[in-house]
Amino acid sequence: MKDAMPELVAEAGQQIPDAVSHSPLAIRGMTVSYGEEPAIFSIDLTAEPGAMTAIIGPNGAGKSTLLKAALGIVRPLSGAAMVFGKPLSKQRAHIAYMPQRASVDWDFPTTVIDVALMGLSRELGLLRPVRARHKARALACLDRVGMAEFADRQIGQLSGGQQQRVFLARALAQDAELYLLDEPFAGVDAATERAIIDVLKQLRAEGKTVVAVHHDLSTVSEYFENVFLINRRRIAEGPVGTAFTAENLQEAYGGRLAAGQIEQLVLGRA
Amino acid sequence: MIGAEFVALSLPPLLIGTFAAIACALPGNFLVLRRQALIGDAISHVVLPGIVVAFLVTGRIGTWPMMLGAAGAALISVALIELIRRLGRVDAGAAMGVTFTAMFAGGVLLLEQSDTSSVHLDVQHALYGNLESLIWLEAAGWKSLLDPVALAALPPELTRIAITLVAVIAFIRLLWRPLKISTFDEGFARAQGIPATLLGLALVVTAAAAAVAAFDAVGSIIVIAMFICPPAAARLMTQRLEAQIWWSVAFATLSAVLGYVLAGYGPLWLGGQNSVSAAGMIATVSGMILAAAALFAPHRKAS
């Protein structure tokens with residue numbers, strides 16, 4: 001580990017050496033820039049094992065970028081992500097990813113079960129044929145999100161919420177230890193939101209770690225135990241009780257949230 | 001028509017036209033789905049100066065000089081596009097448009113200035129190819145297909161496009177899964193460790209190889225049409241990528257065969273005197289298939 005990540009160890013070494021090696025996801029010094037302005041700047045994040053963490057922040061705060069950088073989808077200017085103490089490239093089999101629904105073209109000529117089977121692609125490799133047991137696993141994952149009966153539908157014929165569930169089923173098919181989800185509740189109906197949160201809670205009960213970009217502040221304290229507040233820089237990180245505070249929200253969202261709103265959010269917390 | 005004369009005069013151009021159409025249509029399926037269909041257009045334009053330069057350097061039209069020349073031209077145009085985009089502060093589409101027309105124009109000028117009379121390479125050829133002239137004089141009927149001496153005299157374009165087609169099929173078959181996943185959801189593909197950038201590049205290189213091999217025989221009009229029309233029509237026939245690929249192969253074959261026959265005999269049936277350009281007719285037929293699919297196919301968009 002020291003060879004692979006000298007700067008990470010040097011930075012984190014003094015306070016929390018164990019945090020990096022034991023955390024399902026430890027991001028250190030991550031900076032990403034699309035143009036001249038950095039989209040995220042020197043981000044440190046340490047996910048708690050077996051817990052659900054919400055990444056929250058205003059639009060354009062770099063929430064999705066942080067996930068993408070952690071997954072190596074975008075190339076950071078600096079910094080690195082360690083997954084269970086090892087570099088990302090060696091741990092891909094342990095990570096499941098659910099991108100934003102709007103990031104793909106749902107007109108693509110493919111079926112629901114085909115999308116779920118994409119979650120098995122590391123296992124299937126280039127040429128191994130799809131066998132009955134692979135299909136059974138994909139179907140079981142679709143069943144967990146209530147989409148098994150739509151297996152042969154073309155994906156464009158589904159509602160937004162159903163598409164979101166298919167994406168979650170594909171992540172489930174990856175059978176990982178760490179789930180990185182980008183806005184899993186964005187634009188979904190109430191039934192889908194219920195179905196998704198139930199699955200995420202099951203994952204947590206199985207000891208999996210979930211890190212999700214989340215946009216709905218009113219459900220943060222109900223769904224997640226940890227929060228990570230970001231606005232290009234890290235604002236705060238920790239349990240909802242200590243990090244999801246009026247001051248931190250004010251700092252992350254600036255003038256975009258009225259003081260009354262913030263008070264309501266923080267007071268409404270269970 | 002089905003006799004010795006057919007084998008000598010019509011079979012080679014039919015096969016070359018069909019192979020070229022399929023070799024372009026196969027990668028075209030992915031290009032169309034990735035909204036990169038115009039890359040096929042760009043490729044067929046930018047490779048012209050490369051092919052001309054390769055001819056000027058080597059003095060002949062061979063497979064490798066052509067491919068290398070085309071690859072060189074493609075690299076130069078990629079660099080040019082980046083340069084124009086950055087220095088000119090214009091968007092990528094405009095930079096590409098400028099680059100590929102300029103490269104093609106440069107190729108045309110080069111062609112006019114150089115002595116290519118010894119080989120079949122001129123501006124007209126670049127556009128329409130020379131499908132009708134790719135005949136097999138040594139053939140004495142169907143049995144020539146088993147005669148090694150006669151086979152050795154097959155037009156070199158046929159061998160070239162056949163090998164290219166096999167390579168294109170191998171590429172798509174071998175990398176089917178990553179190609180499909182990264183075409184549908186590039187972010188997810190990358191998160192799984194699929195080198196999506198490299199794969200996208202490999203797809204473009206494959207398309208370029210098909211374009212260059214086809215270009216020599218059938219010209220750029222067919223190349224552009226075959227990258228887009230059969231895959232776009234095929235998309236309207238089915239909701240599954242696997243089936244779409246087969247439909248595109250069927251449409252490419254139909255365009256090539258029907259286009260060739262119509263070009264040769266159509267005008268005579270209508271009382272005309274001369275046949276028309278096979279390349280032009282093949283491209284026209286593919287466009288008509290797309291039009292018919294857009295009007296009647298089962299999976300048109302509702303909107």
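Everything numeric in this text was worked out from a predicted model, so none of it was measured. In what follows, chains are A, B, ... by sequence order, proteins preceding strands, each numbered from 1.
Remark: aromatic rings of A:Phe185 and A:His215 are distant, center separation not under 6.0 Å. The aromatic ring centres of A:Phe167 and A:Trp106 sit less than 6.0 Å apart.
Heavy-atom pairs under 4.5 Å with chain B peak, among A:Ala171, A:Ala70, A:Ser89, A:Gly125, at A:Gly125. The candidate from B:Gln192, B:Arg190, B:Gln244 with the greatest count of non-hydrogen atom pairs under 4.5 Å with chain A is B:Gln192. Of the listed residues (A:Leu117, A:Leu71, A:Leu124), the greatest number of heavy-atom pairs within a distance under 4.5 Å of chain B belongs to A:Leu124. If you tally non-hydrogen atom pairs under 4.5 Å between each of A:Gln157, A:Arg128, A:Lys68 and chain B, the highest count goes to A:Arg128.
For chain B, no part of A:Ile95 is nearby; none of its heavy atoms comes within less than 4.5 Å. Contact annotation for A:Asp114: only side-chain heavy atoms (C-beta onward) come within less than 4.5 Å of a heavy atom of chain B. The contact between A:Val115 and chain B is made entirely by side chain atoms (from C-beta outward), counting heavy-atom distances below 4.5 Å. The part of A:Ile155 that comes within reach of chain B is its side chain, from C-beta onward, which places non-hydrogen atoms under 4.5 angstrom from that chain. With a 4.5 Å cut-off on non-hydrogen atoms, B:Glu242 touches chain A through its side chain but not through its backbone. Looking at B:Arg240, the atoms closer than 4.5 Å to chain A (heavy atoms on both sides) sit in the backbone and in the side chain alike. With a 4.5 angstrom heavy-atom cutoff, B:Gln239 touches chain A via backbone and side-chain atoms both. Contacts of A:Gln174 with chain B are made by side-chain atoms alone, with heavy-atom separations under 4.5 Å and no backbone atom involved.
Cation-pi geometry between A:Arg234 and A:Phe228 is not satisfied (NZ or CZ under 6.0 Å from the ring centre, within 45° of the ring normal). The cationic atom of A:Arg153 (NZ for Lys, CZ for Arg) does not lie both less than 6.0 Å from the six-membered ring centre of A:Phe150 and within 45° of the ring axis.
With B:Thr99 contributing its side chain and B:Ala95 its backbone, the two residues share a donor-acceptor pair below 3.5 Å. In this structure, A:Ser23 contributes its side chain and A:Ala47 its backbone to a donor-acceptor pair below 3.5 Å.
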* Under the salt bridge (charged side-chain N to carboxylate O under 4.0 Å, His left out) rule, what do A:Glu183 and A:Arg101 come out as? Steps first, then yes or no, please. => CA-CA 8 Å; A:Glu183 303 251 10; A:Arg101 179 163 57 88; over 6 Å; no

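Between A:Glu193 and A:Arg165 there is no salt bridge, since no side-chain N of the basic residue sits under 4.0 Å from a carboxylate O of the acidic one.
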